[in-house]
2 protein chains.
Amino acid sequence: MIGMKASEMSRRHGELCPLDTTLKILDGKWKSIILCRLMKHEFRYTELLRTLPGCTRRMLSLQLSQLENDRIIVKQTDTSYVPVKTSYRLTPAGRSLVPIVLAMNKWGATYLERLIPVEAK
Amino acid sequence: MIGMKASEMSRRHGELCPLDTTLKILDGKWKSIILCRLMKHEFRYTELLRTLPGCTRRMLSLQLSQLENDRIIVKQTDTSYVPVKTSYRLTPAGRSLVPIVLAMNKWGATYLERLIPVEAK
DNA sequence: CCGCATCCGTGCGGATACTG
DNA sequence: CAGTATCCGCACGGATGCGG
């Protein structure tokens, strides 16, 4: 089950569930925030790393390669430089996910606001 | 970190991230499908269990109690019966999540369709 | 009918060191 | 600069049994 694509993972309930496919794609400690970065513009690897305090190179590589396997982002490697320059940007599929990510972010913000009075009592 | 509410969990990147709050609420093997069931109508515990092939009582209880802690669903207990009758339904917060769940489901379906030609080659 | 307690395997993510 | 390799702790979820 390791290294499997999200599209192959969503048969957990017997049938293939599109909702779980989407959730699986977003599942990973740094994926959501990486998508938030990449929806602004493309990023270099180290540049991206610097915007993610607490994220190790290992984790960044893992999350990026999973997003790449799921065709949400693409890596571009420019070998005409030494050391090599790589950059990451959203694919069409990745861009089509942006409105949903924004909707989830907005829902979460409202949820947290509404929750404060409940938590405080 | 165990038994923590989703609202308390989303500080992983230092700042509180509403997007991660939303993802955390949906994070759990059976939560998405439970929400799919409860958006139709309320369910009894065992009735719900029968619609989730492969889900154990332990897992159903776990997922339900987490959704309850996050104020997405409410449990109603009718003690006038023996054995006790319990049922679960969406809260206002839970109902407000439905459009997003539907959007994710739709996005996932389109994603899987588009992927088939890519995977096949 | 509706759970909770316990034990346990597996995989995620942290820490650290190494490389083209 | 942009990764990979290895080791490891811990939480998630499966299996099973008990209880109000």
Side-chain angles (χ1 to χ4, degrees), chain A residues 1-6 8-9 11-14 20 23-34 42-69 73-89, chain B residues 1-6 8-9 11-14 20 23-34 42-69 73-89:
Chain A
M1 298 292 260
I2 308 175
M4 223 170 181
K5 294 197 195 75
E8 301 166 317
M9 273 299 299
R11 298 187 164 277
R12 300 186 300 188
H13 318 115
D20 280 341
L23 285 171
K24 186 69 193 169
I25 285 173
L26 268 1
D27 182 34
K29 189 168 181 181
W30 299 93
K31 285 185 193 169
S32 58
I33 198 170
I34 287 172
E42 67 172 47
F43 273 85
R44 301 278 304 272
Y45 177 85
T46 305
E47 184 187 11
L48 194 50
L49 191 65
R50 269 186 280 108
T51 75
L52 306 175
C55 185
T56 62
R57 288 202 302 279
R58 174 192 133 87
M59 276 313 292
L60 183 55
S61 296
L62 263 175
Q63 306 285 287
L64 286 172
S65 70
Q66 287 171 22
L67 287 169
E68 202 188 352
N69 276 331
I73 65 174
V74 275
K75 170 162 67 170
Q76 269 172 316
T77 307
D78 187 343
T79 51
S80 65
Y81 291 82
V82 178
V84 172
K85 283 174 63 169
T86 63
S87 53
Y88 294 87
R89 58 188 169 79
Chain B
M1 297 294 259
I2 310 175
M4 223 171 180
K5 295 195 194 76
E8 301 166 317
M9 274 299 299
R11 298 186 162 280
R12 299 186 300 186
H13 320 117
D20 279 341
L23 285 170
K24 186 69 193 169
I25 285 173
L26 268 1
D27 183 33
K29 189 168 182 181
W30 299 92
K31 285 186 192 168
S32 58
I33 197 170
I34 288 172
E42 68 172 48
F43 273 85
R44 301 277 306 272
Y45 178 86
T46 305
E47 185 185 12
L48 193 51
L49 191 64
R50 268 185 281 109
T51 74
L52 307 176
C55 185
T56 62
R57 288 203 305 279
R58 174 193 134 87
M59 277 312 293
L60 182 55
S61 296
L62 263 176
Q63 307 284 289
L64 287 172
S65 71
Q66 287 172 20
L67 286 170
E68 201 188 353
N69 276 331
I73 65 174
V74 276
K75 169 163 66 169
Q76 267 171 318
T77 308
D78 188 341
T79 52
S80 66
Y81 292 82
V82 177
V84 172
K85 283 174 63 169
T86 63
S87 52
Y88 295 86
R89 58 188 169 79

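Just so you know, these numbers come straight off a predicted model, no measurement behind them. Just the heavy atoms: all of them, side chains too, but no hydrogens, waters or symmetry mates, feed the values below. All chains are named by letter (A, B, ...) in the order of the sequence lines, taking the proteins before the strands, and each is independently numbered beginning at 1.
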>> Rounded to whole Å, please give me the gap between CD in B:Glu47 and P in C:dG3.
In response: 13 Å

> Between B:Gln66 (CD) and C:dC4 (C1'), how many Å, whole number?
Replying inline: 15 Å

> If you round to the nearest 0.5 Å, how far is CD1 of B:Ile34 from SG of B:Cys55?
Replying inline: 6.0 Å

> Nearest-Å distance, CG (A:Leu48) to C1' (D:dC1)?
Replying inline: 14 Å

> Tell me, do A:Lys31 and A:Leu26 make a side-chain contact under 4.5 Å, heavy atoms counted?
Replying inline: no

> Rounded to whole angstrom units, what separation is found between the CG atom of A:Asp27 and the P atom of C:dC12?
Replying inline: 9 Å

> Taking B:Leu60 as the fixed residue, which of B:Tyr88, B:Trp30, B:Tyr45 is the one that meets the side chain to side chain contact (heavy atoms under 4.5 Å, CB included) rule?
Replying inline: B:Tyr45

> OP1 or OP2 of D:dA2 sitting under 4.0 Å from any side-chain N/O of A:Ser61?
Replying inline: no

> Between D:dC12 atom C1' and B:Leu26 atom CG, what is the distance in whole Å?
Replying inline: 17 Å

> Hey, does B:Thr46 have a side-chain heavy atom less than 4.5 Å from the side chain of B:Arg44?
Replying inline: no

>> Distance check needed: C:dG13 P versus A:Leu64 CG, whole Å only.
In response: 14 Å

> Whole Å only: how far is the CD1 atom of A:Ile73 from the C1' atom of D:dA2?
Replying inline: 14 Å

> So which heavy atom on A:Ser80 is nearest to which on A:Asp78, and how close?
Replying inline: OG-OD1, 2.6 Å

> Quick one: B:Leu62 CG to D:dA15 P, roughly how many Å, whole number?
Replying inline: 14 Å

>> Minimum heavy-atom separation for A:Glu42 and A:Ser87, please, with both atom names.
In response: OE2-OG, 3.6 Å

> Nearest to the side chain of A:Tyr45 - D:dG3, C:dG3, C:dC1?
Replying inline: D:dG3

> What string of B, S and - do you get for nucleotides 14-20 of chain C 5' to 3' if you count protein non-hydrogen atoms under 4.0 Å?
Replying inline: BB--B--

>> Working to the nearest 0.5 angstrom, can you tell me the gap between A:Ile73 CD1 and A:Gln66 CD?
In response: 10.5 Å

>> Does D:dG3 have OP1 or OP2 under 4.0 Å away from a side-chain N or O of A:Lys75?
In response: yes

>> Can you tell me if A:Thr86 touches the phosphate of D:dC1, counting only side-chain N or O atoms and a distance under 4.0 Å to OP1 or OP2?
In response: no

>> How close do A:Gln63 and A:Lys29 get, counting heavy atoms only, and between which atoms?
In response: OE1-N, 3.3 Å

>> Let's test your reading of the pairing rules: Watson-Crick or G-U wobble, both distances under 3.5 Å, then write DNA chain C as a dot-bracket string with ( ), [ ], | and dots.
In response: ||||||||||||||||||||

> Relative to the 5' end of DNA chain C, which residue comes earlier, B:Ser87 or A:Gln63, by the nucleotide with the nearest heavy atom?
Replying inline: B:Ser87

> What's the spacing between B:Lys75 NZ and B:Leu64 CG if we round to 0.5 Å?
Replying inline: 8.5 Å

